[in-house]
There are 2 protein chains.
Amino acid sequence: MIDILLVDDEELVRTGLRAVLEAQGDLRVVGEAADGAAALGLVRSLRPDVVLMDVRMPEVDGLTATRAILRDADAPPRILVLTTFENDDYVYEALRAGADGFLLKRARPAEIVHAVRLAAAGDSLLFPAAIRSLAAGRANRSAAEAVARAGLTDREAEVLRLVARGLSNAEIAAELFLGVQTVKTHVSSVLAKLGARDRTQAVVTAYESGFVAPA
Amino acid sequence: MIDILLVDDEELVRTGLRAVLEAQGDLRVVGEAADGAAALGLVRSLRPDVVLMDVRMPEVDGLTATRAILRDADAPPRILVLTTFENDDYVYEALRAGADGFLLKRARPAEIVHAVRLAAAGDSLLFPAAIRSLAAGRANRSAAEAVARAGLTDREAEVLRLVARGLSNAEIAAELFLGVQTVKTHVSSVLAKLGARDRTQAVVTAYESGFVAPA
DNA sequence: GACCGCCTCCCTCCCGGGAGGGAGGCCGCC
DNA sequence: GGCGGCCTCCCTCCCGGGAGGGAGGCGGTC
């Protein structure tokens, strides 16, 4: 029997997961938490085998909770991170935080069940797109914070990502099907918003802030 | 029925894999290749669903073959990379090359069969240790090699560190009590040794290789 | 409708950075 | 001693990048 803890701020999602999982004979949902802080307490008291953890939650988010749980327990549970999009930038950070695998919310029930069993057995399941984005050295999502603080627009963030991969303005223009002038404009606003003097400093900031992460 | 192509330079390994796979009703080994070049040809003629590809092979290695196969075919097969050690540095490069998953040679037969079925279905299996090494922000092997192979002198390494902190040549000169000309010389040799076009790319390489680490 | 933010593209001006040379001093090794 | 590697500094040439403007279109909001 595999004991499972559900952590998601949406009741609906928890209910859905519970229905899917408990339809199986060998899976048992032993608890539910609506945020990361509650999750930590329940892990201590319930000692589940597997935790299904939503990434985006108010208060304590899934990544922080994952780290806390892994730090806390002597025999921590397996943690599967729930996300909405395959190319979610959280993928990278979550694995870094110690998550054992990834699960798309829109995955078919059989896949969800399957992933839970795999996790309990010590394996890990990643969807191809998630793996690719990992392998491609994709930007991580504390970008969200950096972007939020700096107030970068989508386009600017996109440009910064390419700058942080060593591309010249001309190359970025080609990559995004833009004029070099446009790229220059974006780069300039990025520099201004980041308080960087030149693109080199912008790259440093991008790495230091976690906007992009080393492979 | 899932058609499989085995690529490994060791006959023994191929035989073992074939035995394991063909014991299943739904798996069929349609061919074997002893090196990457032969593999490419067989993929064309046999059109397998899944390729089990050894990484280390004489002549054309597994990564090169993987890239070639993916470039070549219009509907390329799923490629599972075979490796001996969980912490094999090839993990990163292989995924980057487009491999769909990883398989340890010492995996239990059931796991191998399982991974093949997953791959055929479009999922990907990674062993926890492999994922961890990926997610741990492991230094990009090629970048690390670039720096290691580069054979930077002490002075050059020192300069690169400052470049990777966003300093201009003039600032570096002031920091190290040097002439700007001297700094330029050092920067130029660093760029040459790293194969970087400009200081921005050098910074990227420095981070990707782990030469400098984000705070 | 007026306004604002974003994206797009244009211009000029200027400087720093990088290429591609050369050269002298120092140290350690053969 | 001679040689090679490293560090230092010099020169010129040139381009890309960044500053500092302006402007039009588009989609929102008030």
Side-chain angles (χ1 to χ4, degrees), chain A residues 87 89 139 141 143-209 211-212, chain B residues 143 146-209 211-212:
Chain A
N87 61 353
D89 287 330
R141 191 52 149 190
E145 295 165 26
V147 166
R149 263 200 307 272
L152 294 184
T153 66
D154 290 347
R155 206 50 157 170
E156 287 161 357
E158 199 173 8
V159 168
L160 176 54
R161 251 175 222 111
L162 296 176
V163 168
R165 270 170 33 198
L167 274 64
S168 69
N169 288 337
E171 287 167 342
I172 294 172
E175 183 85 14
L176 300 180
F177 304 103
L178 295 176
V180 180
Q181 303 298 335
T182 309
V183 175
K184 280 188 157 199
T185 304
H186 290 314
V187 170
S188 285
S189 16
V190 167
L191 297 184
K193 288 181 179 178
L194 294 185
R197 181 184 49 202
D198 49 44
R199 66 204 295 109
T200 307
Q201 289 191 347
V203 171
V204 174
T205 301
Y207 274 102
E208 294 295 330
S209 71
F211 178 79
V212 296
Chain B
V147 173
R149 261 204 317 264
L152 296 183
T153 66
D154 291 348
R155 205 52 156 170
E156 286 161 357
E158 200 171 7
V159 169
L160 176 55
R161 240 167 238 119
L162 296 176
V163 168
R165 269 170 34 197
L167 275 63
S168 69
N169 288 336
E171 287 167 343
I172 295 173
E175 183 86 12
L176 301 180
F177 304 105
L178 295 176
V180 181
Q181 301 300 333
T182 309
V183 175
K184 281 189 155 200
T185 304
H186 289 316
V187 170
S188 284
S189 13
V190 168
L191 297 185
K193 288 182 178 178
L194 294 186
R197 182 184 49 202
D198 49 44
R199 66 203 296 112
T200 307
Q201 289 192 346
V203 172
V204 173
T205 301
Y207 273 102
E208 294 294 329
S209 69
F211 179 80
V212 296

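Values reported hereafter were calculated over all heavy atoms of this structure, with side chains retained and with hydrogens, waters and symmetry mates removed. Protein chains get the first letters and strands the later ones, always in sequence-line order, with residue 1 at the start of each.
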Check: Can you give one letter per nucleotide of nucleotides 15-30 of chain C, going 5' to 3': B for a protein heavy atom under 4.0 Å from the base, S for sugar-phosphate only, - for none?
Finding: --BBS-----------
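- A side-chain donor-acceptor contact under 3.5 Å links Asp198(B) to the backbone of Gln201(B).
- Across every non-hydrogen atom of Ala202(B) and Leu191(B), the tightest pair is CB-CD2, 3.7 Å.
- In the helix from dG1(C)-dC30(D) to dC30(C)-dG1(D), the terminal helix axes, each the rotation mapping four pairs' C1' atoms onto the next four within five end pairs, subtend 40°, rounded to 10°.
- Glu156(B) places its CD atom 9 Å from the C1' atom of dC6(D), with the value rounded to the nearest Å.
- Considering only side-chain N and O atoms, Thr182(B) lies under 4.0 angstrom from the phosphate OP1 or OP2 of dC9(D).
- Note on Glu158(A) versus Arg161(A): no salt bridge recorded, every NZ/NE/NH1/NH2 to OD/OE distance being 4.0 Å or above.
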Notebook entry, point to check: Which is it for Leu178(B) and Val159(B) under the side-chain contact (heavy atoms from CB on, under 4.5 Å) test, yes or no, and what are the steps along the way?
Noted result: CA-CA 11 Å; Leu178(B) 295 176; Val159(B) 169; 5.5 Å; no
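- Listed candidates were dT8(C), dC7(C), dT8(D). Nearest to the side chain of Leu178(A) is dT8(C).
- For Ser188(A), the side-chain hydrogen bond (donor to acceptor under 3.5 Å, both in side chains) test picks out no residue, with sequence neighbours left out.
- Distance Glu158(B) CD to dC7(D) C1': 12 Å, rounded to the nearest Å.
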Protein-nucleotides 24-29 of chain D N/O pairs under 3.5 Å:
none

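- At a threshold of 4.5 Å between non-hydrogen side-chain atoms, the residues Leu176(A) and Leu162(A) count as touching.
- In terms of phosphate contacts, Thr153(B) brings no side-chain nitrogen or oxygen within less than 4.0 Å of OP1 or OP2 of dG5(D).
- Screening residues 166-179 of chain B for salt bridge (Lys or Arg N to Asp or Glu O under 4.0 Å), with sequence neighbours left out, gives Arg197(A)-Glu171(B).
- No side-chain donor-acceptor contact under 3.5 Å links Glu156(A) to the backbone of Val190(A).
- Evaluation of the side-chain contact (heavy atoms from CB on, under 4.5 Å) rule for Gln181(B) yields Lys184(B) as partners, not counting sequence neighbours.
- Remark: side-chain polar atoms of Arg165(B) are not paired, donor with acceptor, to backbone N or O of Val204(A) under 3.5 angstrom.
- You'll find the side chain of Val203(A) stays beyond 4.5 Å of the side chain of Arg199(B), heavy atoms only.
- Remark: C1' of dC7(C) and CD1 of Ile172(A) are 16 Å apart, rounded to the nearest angstrom.
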